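Because the structure is predicted, anything quoted here is derived from the model rather than measured. Numbering starts at 1 and runs along the sequence shown.
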Amino acid sequence: MKWLAFYEGIERAKRMKLKTVINSIPVININDDICNVAMKLVSQKPHSKVADTLIGATAIYYDMSIYTLNKKDFELIGAPLYSIT
């Protein structure tokens, strides 16, 4: 179901390939500890977006880097970002 949003405008063969890739990515559930990290981040940076804050808190909690083109919002909360350079 999580790949369904990508269907519009994509031909069938590409949809199936995309579905395979998306389904291979593990889902990380939000727990109380991640919520506590997110609440600390919000208190420090109240203008950050809720979804970005939860993603950033998850990355901080699990000591993982975030792969994104939206570096600005994640830098705002101090989340670790993957860098090609």
P80 side chain reached by D63 side chain, heavy atoms, under 4.5 Å: no
Show your reasoning for whether side-chain contact (heavy atoms from CB on, under 4.5 Å) applies to L81 and S65. CA-CA 5 Å; L81 298 173; S65 295; over 6 Å; no
Rounded to the nearest 0.5 Å, what's the gap from CD on E11 to CE on M16? Could you check? 11.5 Å
Can you tell if the side chain of V42 reaches within under 4.5 Å of the side chain of I77, non-hydrogen atoms only? no
Might you confirm whether atom CG of D32 has over 12 heavy atoms from other residues, nucleotides or ligands at distances under 6.0 Å? no
Please determine whether side-chain contact (heavy atoms from CB on, under 4.5 Å) holds for the pair T68 and Y82, giving the CA-CA distance in whole Å, both sets of side-chain angles, and the decisive distance to 0.1 Å. CA-CA 8 Å; T68 183; Y82 173 79; over 6 Å; no
Out of D73, L54, L76, which residue meets the side chain to side chain contact (heavy atoms under 4.5 Å, CB included) rule with K49? D73
Indicate yes or no: at least one non-hydrogen side-chain atom of Y61 is less than 4.5 angstrom from one of N36. no
Transitively linked via ILVMFWY side-chain contacts under 4.5 Å: M64 with I30? yes
Would you check, one step at a time, whether the test side-chain contact (heavy atoms from CB on, under 4.5 Å) holds for N31 with N29? CA-CA 6 Å; N31 59 34; N29 294 310; over 6 Å; no
Quick one: do D52 and N70 satisfy side-chain contact (heavy atoms from CB on, under 4.5 Å)? Show the steps, please. CA-CA 10 Å; D52 291 344; N70 179 19; 3.7 Å; yes
With rounding to the nearest 0.5 angstrom, report the CE to CD distance, M39 to Q44. 12.0 Å
Flag yes if I66 and I28 sit in one hydrophobic cluster, no otherwise; membership is Ile, Leu, Val, Met, Phe, Trp, Tyr, and two members link when side-chain heavy atoms are under 4.5 Å apart. no
